[in-house]
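Quick note: numbers below take in every heavy atom, side chains included, and nothing from hydrogens, waters or symmetry partners.
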Amino acid sequence: MILHLKSKRKYLLALADAVVIACSCLLSYFLITAFLESDASIIISLNIWSVLQHSAILLLCNLIGLFVCRVYQNIWRYATIKDFSGCICGIVFGTLTYYIVTLVCRMESFDIYTMMSNMFSMLGIIILRGCYYYMYSRISQEGEVDRHRTLIVGAGRACNKILLEMQDAGSKYKAVGIVDDDPSKQKRCIRNVPVLGKIKDIPKLAEQLHTETILFAIPSCTAEEKRRILNICFETVCEVKTVPYLHELVMNADLLGQAQSINIEDLLGRDVVKFDDFAVGQMITDKKCMVTGGGGSIGSELCRQIAKYNPKKLIIVDIYENNAYEIQQELMREYSDKLDLEVQIASVRDYDKMKLLFEEFRPELVFHAAAHKHVPLMETNPEEAVKNNVLGTFNTASLSNEYKVKKFVLVSTDKAVNPTNVMGATKRCCEMIAQYFAQKSDFTEFVAVRFGNVLGSNGSVIPLFEKQLDAGGPLTVTHPDIIRYFMTIPEAVSLILQAGTIAHGGEIFVLDMGEPVKILSLAENLIRLHGKEPYTDIQIKFTGLRPGEKLFEELLMDEEGLRETPNRKIFIGKQIELDEKEFLRNIERLRNVAAANDADGVVSALREIVPTFNHVVINN
């Protein structure tokens with residue numbers, strides 16, 4: 001049915017073109033006879049019967065030319081200059097065909113008549129399509145009452161493509177203006193939409209034009225510049241959307257369909273850090289890899305990225321069966337029998353069970369991500385933080401050393417630097433455990449990877465804000481001045497893998513995470529991303545610093561220096577020498593007080609092991 005309709009439309013348009021060509025031939029005849037009356041030879045030879053004969057040949061040749069140039073394959077409501085140029089090519093092809101026919105049939109050709117007829121035909125056919133295009137655009141504008149008034153940021157390739165798509169009647173957007181910082185583009189138009197000002201004018205223009213949506217159309221700009229522009233956009237009450245990167249503009253014609261809400265990751269203010277995939281591949285391919293805490297947000301992403309590099313075996317260890325099951329099913333769907341996958345429900349606290357796993361699977365690489373990470377909960381349960389974080393790490397590191405694992409990579413945190421809370425102190429203990437085994441091991445390379453907050457990870461601030469937004473607010477921020485370093489989950493995991501490739505043992509790897517972000521700004525911008533106004537539509541409530549919480553986090557201790565690596569975004573912190581005997585005595589004492597569930601004893605023992613631990617207790 002649809003095919004029949006398309007074919008019908010094609011032949012109707014061809015019929016309309018035939019009428020235009022016939023009228024052009026007749027018009028040319030009457031103009032020639034009217035204005036060339038003095039030239040008797042032309043008048044005698046160009047009689048009505050000759051005109052009809054040549055008009056029929058000309059009409060047929062021109063229609064053939066238009067079909068050959070695929071003019072009738074085009075959808076004219078989406079016409080471009082290229083489509084209109086096809087009409088010209090069709091008539092030129094028809095003219096050449098006409099001369100070939102007259103030459104073969106030894107007919108007299110009338111150059112003036114032919115040229116005039118074809119010129120009028122060409123003009124008429126283009127006008128016919130132009131009128132259709134204009135009428136369709138006018139009809140489509142009747143639905144603009146329900147279309148989102150849109151201000152476009154950026155007057156480049158993406159903008160031009162967006163405006164072309166907006167001309168479709170099905171589009172829910174209507175462009176009301178463009179902004180761009182390029183002086184040469186000011187007061188000019190793209191597809192009849194004016195460039196009204198610079199990016200700094202967005203708030204003023206959005207109000208004047210009653211804008212509902214701002215479309216960010218500079219897909220190739222840097223992350224820092226993007227954050228600057230988005231912060232200006234967030235001064236309005238408009239919904240803010242962005243378009244894909246430039247390579248996607250070529251791959252997919254439906255650009256508006258790909259327009260998406262700004263991700264909170266866009267507000268990091270830096271480019272996503274890229275790592276050496278080749279080196280990671282060399283490290284992982286055909287190796288047995290174990291991931292502890294493999295069902296968590298970091299652990300599961302580790303499993304995903306490791307699986308891409310064709311490990312000999314991937315062993316996922318987690319105590320929470322639901323998370324372990326989810327990542328197992330995901331990897332099975334993705335890789336089927338191409339991945340040798342083993343999922344074990346076990347706790348890193350349980351030395352005997354972990355020993356059985358090491359004995360059975362003999363891992364070559366161990367990525368230790370299992371940990372309790374929730375700061376306030378660990379403040380009220382310090383003995384559990386020690387059992388899982390410290391003793392679990394000691395168990396796993398000890399077994400890695402015993403079974404001659406090639407590399408042991410510990411996932412750490414910036415909260416381990418000058419810790420003010422139990423969780424941070426336990427993670428600093430874990431780093432010291434890695435250093436202890438690095439000092440005594442002759443085979444295994446023990447390293448730690450330290451980074452800041454991970455966007456979207458379990459227990460992080462963004463999922464909490466999202467839930468609070470869904471409930472209508474308020475968003476809870478502990479302090480108006482609190483700041484944090486942020487990175488994405490893929491970045492964090494890529495850093496862990498990259499650290500493994502350049503590790504020699506005993507290092508703490510630190511990522512250059514750019515500028516820290518104010519949590520209050522994050523909350524305000526997240527509200528705006530949902531098309532609402534902070535403090536008007538959604539309130540922000542300050543709850544006070546939680547137990548053990550800092551206003552800001554650090555990435556290095558005063559005693560540590562920074563050393564560059566081949567990747568300019570990764571640095572190595574110089575470790576402080578450990579007294580191994582004293583360290584073991586302190587760990588044993590910590591083990592005993594944790595086993596006795598002595599919370600005060602645990603905090604005291606942590607102070608002995610971590611001299612920089614300055615426990616801050618806040619009573620709200």
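No donor-acceptor distance shorter than 3.5 angstrom exists from the side chain of Ser347 to the backbone of Ile319, with no hydrogens or angles considered.
When the side-chain contact (heavy atoms from CB on, under 4.5 Å) test is applied to Lys407, the partners found at least two apart in sequence or on another chain are Met283, Leu365, Glu445, Ala503. Looking at residues two or more places apart in sequence or on another chain, you find a salt bridge (Lys or Arg N to Asp or Glu O under 4.0 Å) between Glu225 and Arg228. In this view, Phe361 satisfies the ring pair (Phe, Tyr, Trp, His ring centres under 6.0 Å) rule with no residue, not counting sequence neighbours. Shown here are the salt bridge (Lys or Arg N to Asp or Glu O under 4.0 Å) partners of Lys387, two or more places apart in sequence or in another chain: Glu384. Taking the salt bridge (Lys or Arg N to Asp or Glu O under 4.0 Å) definition, one finds that Glu330 meets it with Arg304, sequence neighbours left out. Scanning for salt bridge (Lys or Arg N to Asp or Glu O under 4.0 Å) contacts around Lys406 gives an empty result, with sequence neighbours left out. Looking at residues two or more places apart in sequence or on another chain, you find no side-chain contact (heavy atoms from CB on, under 4.5 Å) involving Pro611.
For Leu314 against Pro311, the heavy-atom pair with the smallest separation is CB-CG, 4.5 Å. Across Tyr309 and Thr285, no two heavy atoms sit closer than the pair O-OG1, 2.9 Å. Between Val291 and Gly299, the shortest heavy-atom distance links the atoms CG1-O, 3.8 Å. Taking both residues in full, the closest heavy atoms of Gly506 and Ala438 are given as N-CB, 3.4 Å, listed atom of the first, atom of the second, then distance. Across Met423 and Val375, no two heavy atoms sit closer than the pair CE-CG2, 4.0 Å.
Side-chain atoms of Val348 and Asn395, non-hydrogen and from C-beta on, never get closer than 4.5 Å to each other. In this structure, Ser300 and Asn323 have side chains that are not in contact, with every pair of non-hydrogen atoms separated by 4.5 Å or more. Counting heavy atoms from C-beta outward, Thr444 and Val366 have side chains that stay 4.5 Å or more apart. Two residues are said to be in side-chain contact when any heavy atoms from C-beta on lie closer than 4.5 Å; Leu578 and Gln439 meet this criterion.
Checked against the 6.0 Å centroid threshold, Tyr436 and Phe446 do not count as a close aromatic pair.
Identified under the ring-ring contact (aromatic ring centres under 6.0 Å, His included) test for residues 584-612, with sequence neighbours left out: none. For residues 322-350, no pair satisfies ring-ring contact (aromatic ring centres under 6.0 Å, His included), with sequence neighbours left out. Sequence neighbours left out, not one pair with a member in residues 317-328 passes salt bridge (charged side-chain N to carboxylate O under 4.0 Å, His left out). Sequence neighbours left out, the pairs with a member in residues 354-365 that pass side chain to side chain donor-acceptor pair (under 3.5 Å) are Lys355-Glu402, Lys355-Tyr403, Glu359-Arg362, Glu359-Tyr403.
For Asn322, the CG atom is densely surrounded, since the number of other residues' heavy atoms within 6.0 Å is greater than 12.
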Pairs under 3.5 angstrom only: tabulate donor-acceptor contacts from the side chains of residues 588-596 to other protein residues two or more places apart or in another chain.
residue, atom, partner, partner atom, Å
Arg589, NH2, Ser604, OG, 3.3
Asn592, ND2, Glu588, O, 3.2

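Side-chain atoms of Gln468 and Thr476 form a donor-acceptor pair, as typed in the model, at a separation below 3.5 Å. If you check the side chains of Gln435 and Glu431, you find no donor sitting under 3.5 Å from an acceptor.
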